[in-house]
Amino acid sequence: MGKDGRAYRGAPRTARRASRRDVLHAALGGAAGFALGVPALTARPAFAQASAGPTAVRELAADLFVVTAGDTNVVALTGAGGAVLVDGGSKATGAALRGAVTALPGSGAIHTLFNTHWHPEQTGSNEALAATGAVIIAQENTKLWLSTDVTWPWNGETVEPLPAPARPNRSFYTDGKLVTAGKPILYGHLPDAPHTDGDCYVLFPQHNVLAAGGALNGDSWQTPDWWTGGWIGGLVGGLEHLLTIVNSETRIVPTRGPVLSYAQLKQQHEMYSIVWERLAKLLYTGRGPDEAVAARPTQEFDEQMGQPDEFVERSFRSLWAYLTPDA
């Protein structure tokens, strides 16, 4: 059930692009004094492929676990028929991750994998699991990004397309439902495009656990991949949508970092809303990316969230694709 007593919803809100009037009005009237009450966090490079490292396991329930390989969180549901994974780690961590999952209590072969977005640290197990006949589920935009090469303009790195057999073999547009070992799994697209334009979440309603995918980091700034559709306004919209499908007792698993509470998710939504408003005001008063960084629009959050320059610069650039003057 949702926080207001309603049933969990599978269908996301209808996305729309904000006009100049919408965002400038919000920017000029936005709050400026919010303080984020979460533990101190650290900055980390955005979109860097996770390095091989120790694999840690946290039990959320007798059959539901967070397995962290490198710095990427993977959610694993085990049962008589095998295991379901939400994200598959990077190629560097994939083998250790899959070994840890098959060793979990009540586990077995991995039969289903969700890609919450297309980045390499989410899709490093696709090829190995496709070879075993696993079902790979992703939003349609994620499947498309995995079918082409992507060269990021900020570092010149090119990510090659996955081989055709390793691409998602079950894609969706808005939402879907899967039942495994008698347990429902709900999943849906985040159309506001928080991190990429193919972000999705996965909800385990019987466990009251949400895998938030690329919309959320637990311990650092989440930087929008504006080259593949993500943007700062989408971070706000995506977190707003997630707040409608959880309740006060839901445990929320981000892409990286510790498991969060509903209150912490709400705090992040408020924080990103403030930063978005400030960046939009800078945009509409003629500033550029370097000036946005110099303006320190995140200053009261930096002690908790870490060094902000990369996040601010890319978030500002992300506005160019989404905020347009009124017609």
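Predicted, not measured: the structure shown is a model, and the values here were computed from it.
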* What pair of heavy atoms forms the shortest contact from Pro205 to Pro184, and how long is it? -> CD-O, 3.5 Å

* **Expected output: side-chain Trp227 to main-chain Thr196 donor-acceptor under 3.5 Å** => no

* **Reference residue Tyr187; test ring-ring contact (aromatic ring centres under 6.0 Å, His included); the match among Tyr173, Phe204, Phe114** => Phe114

* 4.5 Å side-chain heavy-atom contact, Phe65 and Pro105 -> yes

* Asked: Can Val135 be reached from Val84 by stepping across I, L, V, M, F, W or Y side chains whose heavy atoms are under 4.5 Å apart?
  -> yes

* To do: Could you grab the distance from atom CZ of Arg170 to atom CG of Leu113, nearest 0.5 Å is fine?
  => 12.0 Å

* Asked: Is a side-chain donor or acceptor of Asn115 paired with a backbone partner of Gly88 at a separation under 3.5 angstrom?
  -> no

* To do: Kindly indicate whether the side chain of Asp225, heavy atoms from C-beta on, has any atom under 4.5 Å from the side chain of His117.
  => no

* Structure fact -> dist Ile110:CD1 -> Leu129:CG (nearest 0.5 Å) comes out at 5.0 Å

* Determine whether Trp145 and Trp154 fall in the same hydrophobic cluster, where Ile, Leu, Val, Met, Phe, Trp and Tyr are linked whenever their side-chain heavy atoms lie under 4.5 Å apart. => yes

* Would Thr255 and Gln122 count as a side-chain contact (heavy atoms from CB on, under 4.5 Å) if you check the C-alpha gap in whole Å, the side-chain angles of each, and the deciding distance to 0.1 Å? -> CA-CA 9 Å; Thr255 300; Gln122 274 62 54; 3.3 Å; yes

* **Side-chain touch Cys200/Thr142, heavy atoms, less than 4.5 angstrom** => no

* Would you check if there is a donor-acceptor pair between the side chains of Asp87 and Thr116 at a distance under 3.5 Å? => yes

* Given the rule that I, L, V, M, F, W and Y join up when any side-chain heavy atoms are under 4.5 Å apart, are Val312 and Leu239 in one cluster? -> yes

* Asked: Taking all non-hydrogen atoms of both residues, which atom of Arg278 and which atom of Phe301 are closest, and how far apart?
  -> NH1-CE1, 4.4 Å

* With a 4.5 Å limit on heavy-atom distance, are the side chains of His207 and Leu77 in contact? -> yes

* Applying side-chain contact (heavy atoms from CB on, under 4.5 Å), run through Asp175 and His189 and close with a yes or a no. => CA-CA 6 Å; Asp175 55 54; His189 183 214; over 6 Å; no

* Would a distance-only check, ignoring hydrogens and angles, find a side-chain to backbone donor-acceptor pair under 3.5 Å from Glu240 to His269? -> no

* **Test item: Trp320 and Trp226 side chains (from C-beta on) under 4.5 Å apart, heavy atoms** => no

* To do: Quickly, which of Leu235, Asp199, Ile252 forms a side chain to side chain contact (heavy atoms under 4.5 Å, CB included) with Leu216? Name it, please.
  => Ile252

* To do: Determine whether Trp231 and Leu323 make a side-chain contact, defined as any pair of heavy atoms from C-beta on separated by less than 4.5 Å.
  => yes

* Asked: Under 3.5 Å, is there a donor-acceptor pair between the side chain of Asn73 and the main chain of Gly257?
  -> yes

* To do: Calculate, to the nearest 0.5 Å, the distance between atoms CE and CD belonging to Met271 and Glu300 respectively.
  => 10.0 Å

* Asked: Taking C-beta and beyond as the side chain, do Val101 and Ser107 meet within less than 4.5 Å on heavy atoms?
  -> yes

* Looking only at non-hydrogen atoms, find the nearest pair between Ala100 and Thr55 and report the distance. => CB-CG2, 3.7 Å

* To do: Mark yes or no for whether Glu291, through its side chain, and Gly288, through its backbone, hold a donor-acceptor pair below 3.5 Å.
  => yes

* **Distance in Å, Trp118 CH2 paired with Ser147 OG, rounded so as to fall on 0.5 Å steps** => 12.0 Å

* Might you confirm whether atom CD of Glu313 has over 12 heavy atoms from other residues, nucleotides or ligands at distances under 6.0 Å? => yes

* Could you state whether Val202 and Val75 fall into the same hydrophobic cluster, counting links through intermediate Ile, Leu, Val, Met, Phe, Trp or Tyr residues with side-chain heavy atoms under 4.5 angstrom apart? => yes

* **For the student: nearest non-hydrogen atoms of Phe316 and Ala292, plus distance** => CD1-CB, 3.6 Å

* Asked: Would you call Lys91 and Glu160 a salt bridge, taking side-chain N to carboxylate O under 4.0 Å as the test?
  -> no

* Do the ring centers of His119 and Trp152 come within less than 6.0 Å of each other? -> yes

* Asked: Atom CG in Leu144, atom CD in Gln139: separation rounded to 0.5 Å?
  -> 8.5 Å

* Asked: Any chance the side chains of Asn208 and Thr250 put a donor and an acceptor closer than 3.5 Å?
  -> yes

* Would you check if there is a donor-acceptor pair between the side chains of Ser220 and Arg256 at a distance under 3.5 Å? => no

* **N/O donor-acceptor pair under 3.5 Å between His195 side chain and Thr223 backbone** => yes

* To do: Run the numbers on Leu190 and Leu242 for side-chain contact (heavy atoms from CB on, under 4.5 Å), then give the verdict.
  => CA-CA 9 Å; Leu190 292 171; Leu242 294 181; 4.1 Å; yes

* Asked: Counting distance only, does the side-chain N/O of Asn247 pair as donor-acceptor with the main-chain N or O of Glu249 below 3.5 Å?
  -> yes

* Donor-acceptor contact below 3.5 Å, side chain Ser90 vs main chain Thr93 -> yes

* Asked: Is a donor on one side and an acceptor on the other found under 3.5 Å between the side chain of Ser315 and the backbone of Ile232?
  -> no

* To do: Verify the cluster assignment for Leu85 and Ile137: are they in a single hydrophobic cluster under the rule of side-chain heavy atoms below 4.5 Å apart?
  => no

* To do: Could you tell me whether the side chain of Leu243 reaches within less than 4.5 Å of the side chain of Tyr262, counting heavy atoms only?
  => yes

* Evaluate the ring planes of Tyr201 and His241, with Trp represented by its six-membered ring, and classify them as parallel (under 30°), tilted (30 to 60°) or perpendicular (over 60°). => tilted

* Go through Leu104 and Val67 one step at a time and tell me if the side-chain contact (heavy atoms from CB on, under 4.5 Å) criterion holds. => CA-CA 10 Å; Leu104 292 172; Val67 183; 4.2 Å; yes

* Nearest non-hydrogen partners of Ala280 and Leu319, listed with the distance -> N-CD1, 3.9 Å

* Which pair of non-hydrogen atoms, one from Pro161 and one from Arg167, has the smallest distance, and what is that distance? -> CB-NH2, 4.3 Å

* Flag, side chain of Thr285 to backbone of Leu282, donor-acceptor distance under 3.5 Å -> yes

* Once you round to the nearest 0.5 Å, how far does NZ of Lys266 lie from CD of Gln268? -> 14.0 Å

